[in-house]
Amino acid sequence: MPLDAKPPKSSWMVEEKIRQKIKSLESYAIDACTNDDQRKTAGMILRAMGMMKTASSALNLLINIGFFPVHVNLDLLKFNTRTDHSDEVISAAESLLSDSYDPDEIERKDLTHLKVYAIDVDEADELDDALSATRLQDGRIKIWIHVADATRFVQPGSIVDREAMRRGTSVFLPTATYPMFPEKLAMEGMSLQQGENCNAVTVSVVLHSDGSIAEYSVDNSVIRPTYMLTYESASELLHLNLEEETELKILSEAATLRSIWRRQQGAIDTATLEARIKVVNPEDPEPIINLYVENQADPAMRLVTEMMILCGEVVATYGSSNNIPLPYRGQPQSNIDTSAFAHLPEGPVRSSALVKLMRAAEIDFRKPIRHGILGLPGYVQFTSPIRRYMDLLAHYQVKAFLIGKSPPFSAGQLEGMASIVNMNARVAKKLFSSSLRYWILEFLRRQPKEKRYRALILRFIKDRIAAILLVEVGLQSSVWVSVGADVGDEVLVRVEEAHPRDDVLFLKEIVIER
C-alpha cells in the first residue's frame, strides 16, 4: 500500500498478540531485545517475510507497514529519551505558573529603563539571556547580562525540579525540541519576553580599558526586553552602524576588548563553521530540510559568546569571594603553544588543529580552577537555566546567597548530582550530533549528482586522504585529494554516495584540467 494509505500506528497496538510482535521487531531494530523470546519472535517474522535476520531488515519492515516513519530517529528509542512530560509534572508546572507570588519582589532592582537586546537563533523557543550596555562618564564600558530567573518558579527537590534533573538538559534536534521543563512553564513563565516585565538575575560589569573586570555585582532584577534579534539581524544592525543603536555598538566594542584580553591570558580561538538544520514535517517521507551554515566568527555570534563567557567569569569570582559551592569549570590547557600553529590559516583550519590537542574539561565544586581554553582564572556556566540543569544548580546556589540564606547544596551534594546530570547531557549531545549528521546526509542525498561543493582541507589523515570541511554545508568529512593540494587550500568535490541510515558519505575530488 502507498505510505499515505497505511493503517495508523495505533492500530498495531490494539491486540496484545500483535502488539508483542511489533515490540519484538522494534527491540530487534535497535538491538535492545530484553529476552530470547523477543529475538525468536522477530527472527521468525523476518524469516516468514523472506527477509534477512538483521536489525536493518526489522527497521525496513516496520517502515514498510507504516509503524515507523521513513526517517524515524532510532537513537531516541535506543537512549529511551524522555520526549513528553507526564501529566503529573505538567499539572505541577501549571500550578506554578498560576502562582503570582515572587519571593524576591522587594529585593529586585528595577532595570526596566535599560535598552535590552536578546540575541539568539531565529527558531529559539526558550530565551534565557539578554544584554544591555552604556558608556560611563569616565569612558569605561558598563555591561548588564540579564539571565532569566527560572528559580522564581521552581524550588530544589520539587516534582518539576526532579524531572528537570533527570533530563539534565533540553534536547535540541533538527526535527524537534524536547524541553527540560514543561513547554508552557518554560515559554510563558521563565522565558524572557519582548516588551514584558521579566524577572531576571542580572550580572553587571564595568570593564577596564584593557578588557579586564574593574567591578561587578550580581542582583535579582526586573527588566523589559526591547529587541528580540536573530544573529543575522544583529549582525546587520552592527554593519549598518546606526546612531540610535549605540548600545549595540558598545556591546560589540566590549566583546572585542574581552576577546583581546582573553587571548593575552592564553585563550584559544576555536571558531569554525557549523551546520544548523530545521526539518519541516519530519514524519513525511520527503520532509523539507532547511539548512543554514553558522560562522562562529560572525560579529553577533562573537558578541554573544564573549558576553556569556564574561558572565561565567564574574559568577566564578563572586562564588569564590563568598565561598559558594558551584560547578566551577576548568580546562588544564597551559601546554598548547599556539605559535606553532601560526602558519595555518586563521579560522576553521587552525581551530581544527587546536581542537585535536585539547584535553577534557574538569569541574571543581569548591573553588574556581583555571580554564585555559577560555583564558580565565575561573568559569561557571550560568546563562541557560531554562535549558541546562547545571546552570539551574548555579542559580539555586547564588540566589540563596543573595537573600542571605545558606546555599541549598554542599560541594559533595553538587558533585553527586552533577555525575547524573552530565551523563544525561552527554547522551543529549550524542543525540544532537547523530541526528544533525543524518539530516545533512539526507540533504546531500537529494542534491543533483553533478552539484559541486567547496571543500577546505583541514589536515592530511594518511597519504593523500584529507580531512575536509564542506564549506556550504558545515560538515567535516574526508576525501582523496590530488598531489599539489595542501592544508588550507580549497578543492572542489562531488557526492558519489550518501546513505544517511548507514552513515555513509563518499566524496570525490573534481580535478579541473588546466
Side-chain angles (χ1 to χ4, degrees), residues 100-120 124 126-153 186-207 213-229 234 237 244-255 258 300 303-304 306-315 317-319 322 380 382-386 391-392 394-404:
S100 60
Y101 172 65
D102 174 15
D104 304 309
E105 190 172 4
I106 303 162
E107 304 290 329
R108 286 195 190 279
K109 256 191 176 177
D110 184 353
L111 299 176
T112 52
H113 62 284
L114 292 173
K115 188 186 275 190
V116 176
Y117 298 90
I119 306 169
D120 212 326
E126 311 146 346
L127 276 169
D128 296 272
D129 49 73
L131 304 165
S132 303
T134 192
R135 194 179 304 280
L136 302 175
Q137 284 185 328
D138 61 11
R140 295 183 302 171
I141 293 173
K142 182 170 184 178
I143 298 149
W144 292 265
I145 300 143
H146 314 285
V147 185
D149 188 359
T151 64
R152 141 85 172 79
F153 290 96
M187 298 277 290
E188 292 178 22
M190 298 172 171
S191 186
L192 301 177
Q193 314 274 349
Q194 186 172 8
E196 303 277 329
N197 280 7
C198 303
N199 291 335
V201 180
T202 294
V203 170
S204 61
V205 193
V206 176
L207 295 179
I213 296 167
E215 52 193 81
Y216 68 83
S217 70
V218 181
D219 301 284
N220 288 312
S221 65
V222 57
I223 62 166
R224 189 181 294 132
T226 319
Y227 293 125
M228 298 295 192
L229 301 173
L237 276 176
E244 60 269 31
E245 299 304 338
T246 49
E247 294 88 347
L248 192 63
K249 206 169 139 187
I250 293 168
L251 280 167
S252 180
E253 188 185 327
R258 285 292 298 169
L303 186 160
V304 172
E306 284 300 337
M307 294 304 106
M308 300 305 107
I309 293 169
L310 173 60
C311 181
E313 184 187 356
V314 171
V315 173
T317 308
Y318 183 77
N322 298 297
V380 174
F382 194 75
T383 56
S384 296
I386 306 175
D391 294 44
L392 185 74
H395 275 246
Y396 284 146
Q397 301 290 91
V398 168
K399 288 269 298 186
F401 184 83
L402 281 174
I403 56 170

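All figures in this text were calculated on a predicted structure; none of them were measured in a lab. We count residues from 1, following the sequence as given.
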Original post:
Hey, is the main chain of Thr383 close enough, under 3.5 Å, to the side chain of Asp391 for a donor-acceptor pair?
Top reply: yes

Subject >> Expected output: side-chain Glu247 to main-chain Ser132 donor-acceptor under 3.5 Å >> reply: no

Original post:
Who are the side-chain contact (heavy atoms from CB on, under 4.5 Å) partners of Gln193, not counting sequence neighbours?
Top reply: Ser191, Glu196, Cys198

Original post:
What is the minimum heavy-atom distance between Val147 and Pro385, and which atoms define it?
Top reply: CG1-CD, 3.5 Å

**OP:** Quick one: list whatever passes side chain to side chain donor-acceptor pair (under 3.5 Å) with Asp110, sequence neighbours left out.
**Re:** Thr112

**OP:** Give me the ring orientation class for Phe382 and His395: parallel if the planes are under 30° apart, tilted from 30 to 60°, perpendicular past 60°.
**Re:** parallel

**OP:** Begin from the C-alpha positions of Met228 and Leu127 and carry the test side-chain contact (heavy atoms from CB on, under 4.5 Å) through to its verdict.
**Re:** CA-CA 9 Å; Met228 298 295 192; Leu127 276 169; 3.2 Å; yes

**OP:** Hey, could you give me the CG/CG distance between Asp120 and Asp129, rounded to the nearest 0.5 Å?
**Re:** 6.5 Å

**OP:** With sequence neighbours excluded, tell me which residues meet side-chain contact (heavy atoms from CB on, under 4.5 Å) with Ala200.
**Re:** His146, Thr202, Ser221, Ile223

**OP:** With rounding to the nearest 0.5 Å, note down the distance linking CG in Leu131 to CD in Glu306.
**Re:** 12.0 Å

Subject >> Straight-line distance of Ile213 CD1 to Leu310 CG, nearest 0.5 Å >> reply: 5.5 Å

**OP:** Only counting residues at least two apart or in another chain, list the ones meeting side-chain contact (heavy atoms from CB on, under 4.5 Å) with Ala234.
**Re:** Ile119, Leu229, Ala300

Original post:
Taking only residues two or more places apart in sequence or in another chain, which ones pass ring pair (Phe, Tyr, Trp, His ring centres under 6.0 Å) with Tyr396?
Top reply: none

Original post:
Measuring from Gln397:CD to Thr151:OG1, what's the distance to the nearest 0.5 Å?
Top reply: 11.5 Å

**OP:** Name all residues meeting the salt bridge (Lys or Arg N to Asp or Glu O under 4.0 Å) criterion together with Glu215; count only those two or more places apart in sequence or in a different chain, and write none if there are none.
**Re:** Arg140

Original post:
What is the distance from atom CG of Asn199 to atom CD of Glu105, rounded to the nearest 0.5 Å?
Top reply: 8.0 Å

**OP:** Sequence neighbours left out, what passes ring pair (Phe, Tyr, Trp, His ring centres under 6.0 Å) with Tyr227? Give chain and number order.
**Re:** Tyr117

Original post:
Side chains of Ile141 and Leu136: does their closest heavy-atom pair fall under 4.5 Å?
Top reply: no

Subject >> Least distance between heavy atoms, Trp144 atom then Ser204 atom >> reply: CD1-CB, 3.5 Å

Original post:
Listed by chain and number, what are the salt bridge (Lys or Arg N to Asp or Glu O under 4.0 Å) partners of Glu253, not counting sequence neighbours?
Top reply: Arg135

Subject >> Gln194 atom CD, over 12 foreign heavy atoms within 6.0 Å >> reply: yes

**OP:** Could you check if a side-chain atom of Tyr216 sits within less than 4.5 angstrom of a side-chain atom of Val203, using non-hydrogen atoms only?
**Re:** no

Subject >> Residues forming a salt bridge (Lys or Arg N to Asp or Glu O under 4.0 Å) with Lys109, sequence neighbours excluded >> reply: Asp219

Original post:
Counting only heavy atoms not in Lys249, do more than 12 fall under 6.0 Å of its NZ?
Top reply: no

**OP:** Taking the side chain as every heavy atom from C-beta outward, state whether Arg224 and Leu192 have any atom pair closer than 4.5 Å.
**Re:** no

Subject >> Asp104 side, atom CG; Ile106 side, atom CD1 - distance, nearest 0.5 Å >> reply: 9.5 Å

Subject >> Pairs satisfying salt bridge (charged side-chain N to carboxylate O under 4.0 Å, His left out), at least one member in residues 142-151, at least two apart >> reply: Arg108-Asp149, Asp149-Lys399

Subject >> Heavy-atom pair with the smallest gap, counting every atom of Ile386 and Ala186 >> reply: CG2-CB, 3.8 Å

Original post:
In chain order, what residues pass the side-chain contact (heavy atoms from CB on, under 4.5 Å) check against Glu244, with sequence neighbours excluded?
Top reply: Leu242

Subject >> Partner set under salt bridge (Lys or Arg N to Asp or Glu O under 4.0 Å) for Arg152, not counting sequence neighbours >> reply: none

